[in-house]
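Presented below is the structure to which this report refers.
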Amino acid sequence: MTTVTELETERLLLRQWQQSDLPAFAALNADAEVMKHFPATLSVAESNELAEKLGRQIAERGWGLWALERKSDQAFIGFTGLQSFTDMPFLKAANSAVEIGWRLDRSAWGKGLASEAARAAVDYAFTTLELTELYSFTACRNSRSIAVMKRLGMLECPETFRHPRLPPHSPLSEHVLYHLQREDWLAD
């Protein structure tokens with residue numbers, strides 16, 4: 001049986017998903033402002049399906065995109081963590097890689113919570129999982145996520161790419177790519 005990892009920061013708990021997270025997650029995924037850099041908002045059913053999928057992935061390997069809980073009031077505020085991915089055009093030699101990602105409720109924006117949670121995930125990726133590299137990517141116009149990537153010490157790759165799961169004509173298809181090597185992270 002896989003041990004499910006939980007991470008803790010000063011203000012946050014990165015944990016396995018709970019049934020009680022579903023209403024707040026559905027509200028987050030229905031918020032047009034939160035989802036403006038994604039193809040569409042999600043219905044309640046789509047949101048619940050996503051939460052179940054993320055929970056299964058954590059149960060299977062012990063880590064993933066963890067539910068994010070604010071410790072001061074035990075409120076669910078989104079997710080942060082690590083996710084394996086394939087089929088991206090920048091993966092030339094490797095078949096798969098690991099992305100660090102996040103999605104937070106608007107009430108949690110501007111407080112440094114995404115960066116705080118992401119730092120815990122980076123630490124876990126490089127110290128416990130001993131990964132050699134992490135990626136993060138987003139639509140070119142997503143300045144908030146790009147700012148988090150920079151705060152993590154990630155470096156922007158010189159070329160943008162078109163996300164293969166988005167129509168080429170979509171204003172969201174052009175993505176920036178950021179990268180962090182374990183050796184660079186250890187040097188800081």
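For clarity, every value in this text was computed on a predicted model and none was experimentally measured.
Side-chain heavy atoms closer than 4.5 Å link hydrophobic residues (I, L, V, M, F, W, Y) into clusters, and following such links, even through other members, never connects Y135 to V148. There is a path of hydrophobic side-chain contacts, each under 4.5 Å, that joins V98 to L152. The cluster map of Ile, Leu, Val, Met, Phe, Trp and Tyr, joined by side-chain heavy atoms under 4.5 Å apart, puts M154 and L129 in the same cluster. Both I100 and L186 are part of a single hydrophobic cluster, where members link through side-chain heavy atoms under 4.5 Å apart. L13 and W102 fall into different hydrophobic clusters, defined by Ile, Leu, Val, Met, Phe, Trp and Tyr side-chain heavy atoms under 4.5 Å apart, directly or through other members.
Cluster partners of L172, by chain and number: L166. The rule joins Ile, Leu, Val, Met, Phe, Trp and Tyr whenever side-chain heavy atoms lie under 4.5 Å apart.
Under the salt bridge (charged side-chain N to carboxylate O under 4.0 Å, His left out) criterion, no residue pair touches residues 138-149, with sequence neighbours excluded. Screening residues 30-42 for salt bridge (charged side-chain N to carboxylate O under 4.0 Å, His left out), with sequence neighbours left out, gives D31-R106, E33-K36. For residues 107-129, every residue pair satisfying the salt bridge (charged side-chain N to carboxylate O under 4.0 Å, His left out) rule, not counting sequence neighbours, is listed here: R11-E116.
For the ring-ring contact (aromatic ring centres under 6.0 Å, His included) test, residues two or more places apart in sequence or in another chain that qualify with W185 are F126. E174 is linked by a salt bridge (Lys or Arg N to Asp or Glu O under 4.0 Å) to R162, counting only residues two or more places apart in sequence or in another chain. With sequence neighbours excluded, the residues forming a ring-ring contact (aromatic ring centres under 6.0 Å, His included) with W17 are F25, F76, listed by chain and number. Applying the side-chain hydrogen bond (donor to acceptor under 3.5 Å, both in side chains) criterion to S84, with sequence neighbours excluded, gives no partner residue. Under the ring-ring contact (aromatic ring centres under 6.0 Å, His included) criterion, Y178 pairs with no residue at all, not counting sequence neighbours. Every residue meeting the ring-ring contact (aromatic ring centres under 6.0 Å, His included) condition with H175, not counting sequence neighbours, appears here in chain and number order: F161, H163. Remark: N48 pairs with no residue by the side-chain hydrogen bond (donor to acceptor under 3.5 Å, both in side chains) rule, at least two apart or across chains.
Residues G153 and L180 come closest through the heavy atom pair O-CD1, 3.5 Å. Shown here for L28 and G78, the closest heavy-atom pair between the two residues is CD1-CA, 3.7 Å. The nearest pair of heavy atoms linking P168 to S173 is O-OG, 3.2 Å. Taking all atoms of both residues into account, the shortest heavy-atom contact from G81 to A121 is CA-CB, 4.1 Å. Summarising the geometry of T160 relative to C140, their closest heavy-atom pair is CG2-SG, 4.0 Å, with the distance given to 0.1 Å. Across every non-hydrogen atom of A125 and L82, the tightest pair is CB-CD1, 3.8 Å.
Within a 6.0 Å radius of CD in Q18, other residues, nucleotides and ligands contribute more than 12 heavy atoms. Heavy-atom contacts from other residues, nucleotides or ligands closer than 6.0 Å to CD of Q74 number more than 12.
Side-chain atoms of E46 come within 3.5 Å of backbone N or O of S43 as a donor-acceptor pair. Not one N or O on the side chain of T41 forms a donor-acceptor pair closer than 3.5 Å with the backbone of A30.
Looking at heavy atoms from C-beta onward, V176 lies in side-chain contact with I146 at the 4.5 angstrom threshold.
Rounding to the nearest 0.5 angstrom, the gap separating the CE atom in M35 from the CG atom in L42 is 4.0 Å. Rounding to the nearest 0.5 Å places CD of E156 at 11.5 Å from OG of S136. Taking CG of L113 as the start and CD1 of I77 as the end, the distance is 4.5 Å to the nearest 0.5 Å. Distance check: T80 OG1 to L7 CG gives 10.0 Å after rounding to the nearest 0.5 Å. Rounded to the nearest 0.5 angstrom, M149 CE and L155 CG are separated by 12.5 Å. Remark: H37 NE2 to R103 CZ distance equals 12.0 Å, nearest 0.5 Å.
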Atom pairs and distances, donor-acceptor, side-chain atoms in residues 61-72, under 3.5 Å, two or more places apart:
from	atom 1	to	atom 2	distance (Å)
R61	NE	W63	O	3.2
W66	NE1	T5	O	2.8
E69	OE1	R15	NE	2.6
E69	OE1	R15	NH2	3.3
R70	NE	D73	OD1	3.0
R70	NE	D73	OD2	3.4
R70	NH2	D73	OD2	2.9
K71	NZ	E8	OE2	2.8
K71	NZ	T9	O	2.8
K71	NZ	E10	O	3.3

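R151 and S115 share a side-chain donor-acceptor pair at under 3.5 Å.
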Please assess E133 against H179 for the test side chain to side chain contact (heavy atoms under 4.5 Å, CB included), listing each intermediate value before the final yes or no. CA-CA 7 Å; E133 61 190 351; H179 186 253; 2.8 Å; yes
